[in-house]
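In what follows, a structure is listed as structure tokens, so that the remarks can point back to it.
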Amino acid sequence: MTDRLVWLPFEPALLGDPPEGLRYEVVDPTEHVPDSVTDVRFYVPPYQVGPRVAEVLPRMASLEVVQTLTAGVDNVRAQIPDGVLLCNGRGIHDTSTAELAVTLTLASLRGVPGFVRDQDRHAWNTGWHPALADKRVLLVGYGAVGEAIERRLLPFEVEVVKVARSARDGVHAISELPGLLPQADVVILVVPLTDETRGLVDAGFLGAMKQGALLVNVARGAVVDTDALVAALHAGRISAATDVADVEPLPEDHPLWDAPNLLVSPHVGGASSAMWPRAHRLVRDQLHRYAAGEELVNVMSGAY
């Protein structure tokens, strides 16, 4: 097979040296679906977290591989046909998301949002704020992004407690959370959105957190029960920072906007200058493997 069709969301020249023996088209199927849709073998969806990038999948009769540019695949997984390989963007966003997780943590603890508002008012308000140093940080989700966050946290002289779906050396099982939450000063969420993690952070989870603890969500909005979070914030039990929401974009009348002690960023964890070079490298390497008939990496489901 020397004419297998690849749909890319960017020009193939950005890959540096795309493999020969493949045919490339630059397509955003959320804008226009060409007639070649039935010939696509390898599909790289546009960088979007919504479900629209998956709507075209049932029309791809020749599809073999879907390579997302996102680490999470909750927006496409249900639409992947049987026998089609799904690969995620592991490695693309580790650096950017880890930077933002630490930024949100530091900004929230040190009162940076208040400083910005004071600057707008030309007000000079001094005071004491918690440091990150000497805190116990609970990482809920210890995959590639969790590891990247830990590497950046350790120089701040913190204790990092790690949690994953199942226990392994140095990592607690997620079932141990009830005993770990009361001792954590900062809880950072970086789990994928699955049936098991949807609504994981509910009233019980928040109620088990230490009084005054900080919750940071760089995972998915639906991992957190929004009503429970808003109630906990208004009660003054915790503070929080979130890069994600259960509805995106966040509507103007959404209760999160006015919740106290909350810092909101508009799902920009992966949106930095570090993303695209890593995305291009991953897609290039995957296409070289695909063209050579080699095993792909970052496989989430299916058999190739």
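Hydrogens, waters and symmetry mates play no part in the numbers below; they use all other heavy atoms, side chains included.
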Donor-acceptor pair, distance only, cut-off 3.5 Å: does the side chain of [X] make one with the backbone of [Y]?
X: Thr197; Y: Pro192; value: yes
X: Arg237; Y: Met209; value: yes
X: Trp257; Y: Val264; value: no
X: Asp185; Y: Arg136; value: yes
X: Asn75; Y: Gln48; value: yes
X: Asp118; Y: Trp124; value: no
X: Asp94; Y: Thr97; value: no
X: Asn88; Y: Ala71; value: yes

Practice problem: List the steps, then state whether side chain to side chain contact (heavy atoms under 4.5 Å, CB included) holds for Val27 with Tyr43. | Solution: CA-CA 9 Å; Val27 177; Tyr43 172 42; over 6 Å; no
So how far is it from [X] [atom1] to [Y] [atom2], rounded to the nearest 0.5 Å?
X: Leu154; Y: Glu159; atom1: CG; atom2: CD; result: 10.5 Å
X: Tyr24; Y: Leu5; atom1: OH; atom2: CG; result: 10.5 Å
X: Leu200; Y: Phe205; atom1: CG; atom2: CZ; result: 5.5 Å
X: Leu15; Y: Leu287; atom1: CG; atom2: CG; result: 6.5 Å
X: Arg281; Y: Ile92; atom1: CZ; atom2: CD1; result: 10.0 Å
X: Leu181; Y: Leu138; atom1: CG; atom2: CG; result: 6.0 Å

Tell me whether [X] shares a hydrophobic cluster with [Y], the cluster being built from Ile, Leu, Val, Met, Phe, Trp, Tyr side chains joined at under 4.5 Å.
X: Leu250; Y: Val201; value: yes
X: Val137; Y: Val216; value: yes
X: Val33; Y: Val76; value: yes
X: Val244; Y: Leu262; value: no
X: Leu215; Y: Leu100; value: no

Around [X], counting heavy atoms of other residues, nucleotides and ligands shown, do more than 12 lie under 6.0 Å from its [atom1]?
X: Asp17; atom1: CG; answer: yes
X: Glu176; atom1: CD; answer: yes
X: Gln211; atom1: CD; answer: yes

Practice problem: Starting from the C-alpha separation in whole Å, work towards a yes-or-no answer on side chain to side chain contact (heavy atoms under 4.5 Å, CB included) for Ile238 and Asn261. | Solution: CA-CA 8 Å; Ile238 64 166; Asn261 300 311; over 6 Å; no
Exercise. Pick out which of Glu150, Glu147, Arg165, His172 makes a side chain to side chain donor-acceptor pair (under 3.5 Å) with Tyr142.
Key: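 When side chain to side chain donor-acceptor pair (under 3.5 Å) is applied between Tyr142 and each of Glu150, Glu147, Arg165, His172, only Glu150 qualifies.
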Practice problem: Among Arg41, Glu64, Gln67, Glu295, find the residue that satisfies the side chain to side chain donor-acceptor pair (under 3.5 Å) test when tested with Tyr290. | Solution: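 That would be Glu64.
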Compare every heavy atom of [Y] with every heavy atom of [X], then report the nearest pair and how far apart it is.
X: Glu25; Y: Ser36; value: OE1-OG, 2.7 Å
X: Val158; Y: Leu132; value: CG1-O, 3.2 Å
X: Ala107; Y: Pro113; value: O-CD, 3.3 Å
X: Leu206; Y: Ala232; value: CD1-CB, 4.2 Å
X: Ala274; Y: Ser96; value: CB-OG, 3.6 Å
X: Val191; Y: Ala219; value: O-CB, 3.2 Å

Taking C-beta and beyond as the side chain, do [X] and [Y] meet within less than 4.5 Å on heavy atoms?
X: Pro29; Y: Pro45; value: no
X: Gln79; Y: Pro58; value: yes
X: Thr105; Y: Phe156; value: no
X: Thr242; Y: Val224; value: no
X: Lys210; Y: Gln183; value: no
X: Arg90; Y: Val297; value: no
X: Val73; Y: Cys87; value: no
X: Arg198; Y: Leu193; value: yes

Self-check item: Ser265 vs Asp243, side chain to side chain donor-acceptor pair (under 3.5 Å): CA-CA, chis, key distance, verdict
Solution: CA-CA 5 Å; Ser265 58; Asp243 184 48; 2.7 Å; yes
Practice problem: Check each of Thr226, Asp227, Leu233 against Leu229 using the side-chain contact (heavy atoms from CB on, under 4.5 Å) test, and report the only one that passes. | Solution: Leu233
Quiz prompt | Derivation and outcome, side chain to side chain contact (heavy atoms under 4.5 Å, CB included), residues Thr68 and Leu86 | solution = CA-CA 8 Å; Thr68 70; Leu86 173 61; 4.1 Å; yes
Quiz prompt | Tyr47 and Trp276 aromatic ring geometry - parallel, tilted or perpendicular at 30°/60° bounds | solution =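 Plane angle over 60°, so perpendicular.
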Exercise. Assess whether side chain to side chain contact (heavy atoms under 4.5 Å, CB included) is satisfied between Val283 and Leu14, documenting all intermediate values.
Key: CA-CA 10 Å; Val283 172; Leu14 292 171; over 6 Å; no
